[in-house]
Amino acid sequence: MIDIKEIGVVIATTADLIADKLKAIVEPLPIIVKKVPHNKEQMIDQIKRTKPDVVLLDVALIEEDDEIITEIVMLLNIPLIILSSGTVQHTAQTVNAITNGASDFILYDNLDSPYYQDEVINKILHVAASLTVNGQKKSTIQLEKNREQKPPRTMKRKKKASIGVKLPFDSIVAIGTSTGGPKALQIVLSSLPKTFPAPIVIVQHMPSGFTKSLADRLDNICRIRVKEAVDGEKLKPATAYIAPGNYHMIVNRQYEITTFIGAERGGHRPSVNTLFESVAELEEVNKLAIILTGMGKDGAIGVRKMKEKDKDTIVIVESEETAVIHGMPKAAIQTGCVTEVVRLEHIGERIIHHIMKRGK
């Protein structure tokens with residue numbers, strides 16, 4: 001439950017129809033549209049004068065190598081949601097924006113759907129609640145001041161005995177994330193070495209088309225290979241596989257990826273729970289599960305299943321201080337199955353510790 005009495009929103013778009021639809025969607029709520037500027041200069045002026053809680057920025061206003069995202073998110077400290085059509089060009093631009101600091105995106109082609117209108121409202125409310133002061137969330141500043149700092153936990157883990165399947169790796173990493181995930185994935189995956197000895201399977205809540213653009217962008221940035229998963233391919237070390245949008249993804253007992261269109265789980269396809277539950281059934285490998293920023297509870301059931309099947313499973317979740325939205329990490333913590341709660345910038349080194357330095 002988010003307790004926000006009033007939210008100020010600036011909508012920056014040249015499309016009056018899109019602005020009108022968005023204003024109509026938020027009208028019944030304590031959300032005040034402060035201004036609808038039609039160019040970047042007007043937008044920055046409005047943000048500086050009105051200090052909104054959220055900015056909705058049309059991707060069409062973002063030019064190549066534009067620093068507008070950095071200016072809004074980093075310098076003006078305002079959460080940003082991208083407005084996008086979902087075309088091939090807009091998809092790449094949107095993914096670029098959300099890996100550079102934007103919190104989420106809204107597809108304006110879907111604004112007439114009542115179901116999607118509810119999702120738009122949730123996105124705005126949750127992103128507004130993530131507003132930070134001096135780099136820390138308002139809701140967690142006092143907690144951070146009072147928290148006793150403890151050294152990271154070190155765990156020695158047994159090596160699994162291979163039974164029936166000869167594998168080029170002895171561990172697997174499974175990651176689940178949603179809102180704020182593209183940026184978080186960039187930070188985590190870019191910290192891993194080219195020689196990382198395990199495959200990584202990922203569910204990022206995103207529509208069809210966006211996951212391919214995300215994988216391509218991360219592949220250009222990271223030392224490991226990052227790709228959109230393809231049905232039937234075998235897992236390889238030093239490779240991250242992102243579930244394609246609108247498809248569930250599992251890992252079968254032959255350590256091959258299977259993708260399929262099944263019923264949504266908790267409103268999600270792909271589902272983190274579906275992926276994690278399949279990884280839980282793998283007996284020949286050590287398992288490391290990670291839950292990053294995201295709305296909702298997806299992944300909590302899967303984390304519990306992984307721990308029930310293998311008590312040596314390591315579960316790491318992103319801390320509230322760095323998560324754009326703490327819903328998914330919080331739900332995982334509430335299962336009682338979490339091994340470590342770690343700030344985003346340290347998750348990569350904890351992965352390396354557990355996968356590459358096990359027993360040392």
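A quick note: this is a predicted structure, and the numbers were derived from the prediction, not measured. In what follows, every heavy atom counts, from backbone to side chain, and hydrogens, waters and symmetry copies are set aside.
- Every residue meeting the salt bridge (Lys or Arg N to Asp or Glu O under 4.0 Å) condition with Lys212, not counting sequence neighbours, appears here in chain and number order: Asp216.
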Could you pull out all donor-acceptor pairs under 3.5 Å where a side-chain atom in residues 19-26 meets a protein atom, sequence neighbours excluded?
| from | atom 1 | to | atom 2 | distance (Å) |
| --- | --- | --- | --- | --- |
| Lys21 | NZ | Asp112 | OD1 | 3.3 |
| Lys21 | NZ | Asp112 | OD2 | 3.2 |

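- Nearest approach of Ser278 to Val251, heavy atoms of both residues: OG-N, 3.0 Å.
- Hydrophobic clustering (ILVMFWY, side-chain heavy atoms < 4.5 Å, transitive): Ile78 and Met74 are in one cluster.
- Applying the salt bridge (Lys or Arg N to Asp or Glu O under 4.0 Å) criterion to Lys330, with sequence neighbours excluded, gives no partner residue.
- Thr91 places no side-chain N or O within 3.5 Å of a backbone atom of Gly209 that could act as its donor or acceptor partner.
- Taking every heavy atom of both residues into account, Ile224 and Pro193 meet most closely at CG2-O, 3.2 Å.
- Under the 4.5 Å side-chain heavy-atom criterion for ILVMFWY residues, a single connected hydrophobic cluster contains both Val127 and Leu29.
- Taking 4.5 Å as the limit, some side-chain heavy atom of Val272 sits within range of a side-chain heavy atom of Met328.
- Residues satisfying the salt bridge (Lys or Arg N to Asp or Glu O under 4.0 Å) test with Glu277, not counting sequence neighbours, are Arg265.
- Asn100 places a side-chain N or O within 3.5 Å of a backbone atom of Asn96 that can act as its donor or acceptor partner.
- Annotation for Ala240 and Leu189: closest pair CB-CD1, 4.3 Å, computed over non-hydrogen atoms.
- Side-chain atoms of Thr322 come within 3.5 Å of backbone atoms of Leu344 as a donor-acceptor pair (strictly under, hydrogens ignored).
- Taking the side-chain contact (heavy atoms from CB on, under 4.5 Å) definition, one finds that Asn39 meets it with Glu41, Gln42, sequence neighbours left out.
- Residues satisfying the ring pair (Phe, Tyr, Trp, His ring centres under 6.0 Å) test with Phe210, not counting sequence neighbours, are Phe105.
- For His268, the ring pair (Phe, Tyr, Trp, His ring centres under 6.0 Å) test picks out His205, with sequence neighbours left out.
- Through direct or indirect side-chain contacts shorter than 4.5 Å among Ile, Leu, Val, Met, Phe, Trp and Tyr, Tyr247 is connected to Ile261.
- Taking CD1 of Ile202 as the start and CD1 of Ile290 as the end, the distance is 9.0 Å to the nearest 0.5 Å.
- Side-chain contacts under 4.5 Å among hydrophobic residues (ILVMFWY), followed directly or transitively, place Ile250 together with Phe260.
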Item to check | side-chain hydrogen bond (donor to acceptor under 3.5 Å, both in side chains) evaluation trace for Ser208 with Asn246 | outcome: CA-CA 6 Å; Ser208 178; Asn246 203 39; over 6 Å; no
Item to check | Worked check of side-chain hydrogen bond (donor to acceptor under 3.5 Å, both in side chains) between Glu228 and Tyr241 | outcome: CA-CA 6 Å; Glu228 185 180 59; Tyr241 304 85; over 6 Å; no
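- Side chains of His354 and Glu340: a donor-acceptor N/O pair is present below 3.5 angstrom, by distance only.
- Put simply, the side chain of Thr293 gets close to the backbone of Val324: a donor and an acceptor are under 3.5 Å apart.
- Between the side chain of Arg223 and the backbone N or O of Ser190 there is at least one donor-acceptor pair closer than 3.5 Å.
- Judged as a salt bridge (charged side-chain N to carboxylate O under 4.0 Å, His left out), not a single pair has a partner in residues 183-194 (not counting sequence neighbours).
- The only option from Thr313, Val315, Ile314 that meets the side-chain contact (heavy atoms from CB on, under 4.5 Å) definition with Lys287 turns out to be Thr313.
- Contact of the Ile72 side chain with the Met43 side chain is registered, since non-hydrogen atoms from C-beta on lie closer than 4.5 Å.
- For residues 25-52, there are no ring-ring contact (aromatic ring centres under 6.0 Å, His included) pairs, not counting sequence neighbours.
- When all heavy atoms are compared, the tightest approach of Gly294 to Ser178 is CA-CB, 3.7 Å.
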Next on the checklist: With side chain to side chain contact (heavy atoms under 4.5 Å, CB included) as the criterion, how do Val201 and Ile172 come out once you've worked through the C-alpha distance, each side chain's angles and the decisive distance to 0.1 Å?
Outcome noted: CA-CA 8 Å; Val201 286; Ile172 186 170; 4.3 Å; yes
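- Partners of Glu308 under the salt bridge (Lys or Arg N to Asp or Glu O under 4.0 Å) rule, at least two apart in sequence or in another chain, do not exist in this structure.
- With contacts defined as side-chain heavy-atom distances shorter than 4.5 Å, the pair Ile82/Ile106 does not qualify.
- Val55 places none of its side-chain heavy atoms less than 4.5 Å from the side chain of Val9.
- A distance-only check finds a donor-acceptor pair linking the side chain of His126 to the backbone of Asn122 [under 3.5 Å].
- In terms of heavy-atom proximity, Phe276 sits nearest to Gly299 at CD2-O, 4.1 Å.
- Side-chain atoms of Asp219 come within 3.5 Å of backbone atoms of Val226 as a donor-acceptor pair (strictly under, hydrogens ignored).
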Checklist entry - What do the steps show when you test Thr50 against Gln46 for side-chain hydrogen bond (donor to acceptor under 3.5 Å, both in side chains), and what is the final call? => result CA-CA 6 Å; Thr50 62; Gln46 286 296 325; 4.7 Å; no
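- Looking at Asp298, its side chain does come within 3.5 Å of a backbone N or O of Asn273 through a donor-acceptor pair.
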Checklist entry - Hey, mind stepping through Ile291 and Thr177 against side chain to side chain contact (heavy atoms under 4.5 Å, CB included) and telling me if it holds? => result CA-CA 6 Å; Ile291 297 288; Thr177 186; over 6 Å; no
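- In the displayed structure, Lys227 atom NZ is contacted under 6.0 Å by more than 12 heavy atoms of other residues, nucleotides or ligands.
- At least one side-chain heavy atom of Thr339 sits less than 4.5 Å from a side-chain heavy atom of Lys307.
- Across all their heavy atoms, Gly296 and Ala331 have their closest contact at O-CB, 4.4 Å.
- Taken together through direct or relayed side-chain contacts under 4.5 Å among Ile, Leu, Val, Met, Phe, Trp and Tyr, Tyr108 and Val88 form parts of separate hydrophobic clusters.
- Linking Ile, Leu, Val, Met, Phe, Trp and Tyr residues whenever their side-chain heavy atoms come within less than 4.5 Å places Ile7 and Leu57 in a single cluster.
- Residues Ile257 and Met249 meet the side-chain proximity criterion, which asks for heavy atoms closer than 4.5 Å.
- Salt bridge Glu283/Lys309: absent, no basic N to carboxylate O contact under 4.0 Å.
- A side-chain donor-acceptor contact under 3.5 Å links Thr99 and Arg217.
- Cluster annotation: Ile333 and Met306 are assigned to the same hydrophobic cluster (Ile/Leu/Val/Met/Phe/Trp/Tyr, side-chain heavy-atom contacts under 4.5 Å, transitive).
- Judged purely by distance below 3.5 Å, without hydrogens or angles, the side chains of Ser271 and His248 never pair a donor atom with an acceptor atom.
- Between the side chain of Thr239 and the main chain of Pro237, a donor-acceptor pair closer than 3.5 Å is present.
- In this structure, the side chains of Leu235 and Glu256 stay at 4.5 Å or more apart for every pair of heavy atoms.
- At a threshold of 4.5 Å between non-hydrogen side-chain atoms, the residues Ile69 and Leu80 count as touching.
- Panel note: side chain Asp58, backbone Leu61; no donor-acceptor pair is recorded below 3.5 Å.
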Checklist entry - Passes salt bridge (Lys or Arg N to Asp or Glu O under 4.0 Å), Arg343 versus Glu318? Steps please. => result CA-CA 6 Å; Arg343 291 181 63 89; Glu318 183 178 353; over 6 Å; no
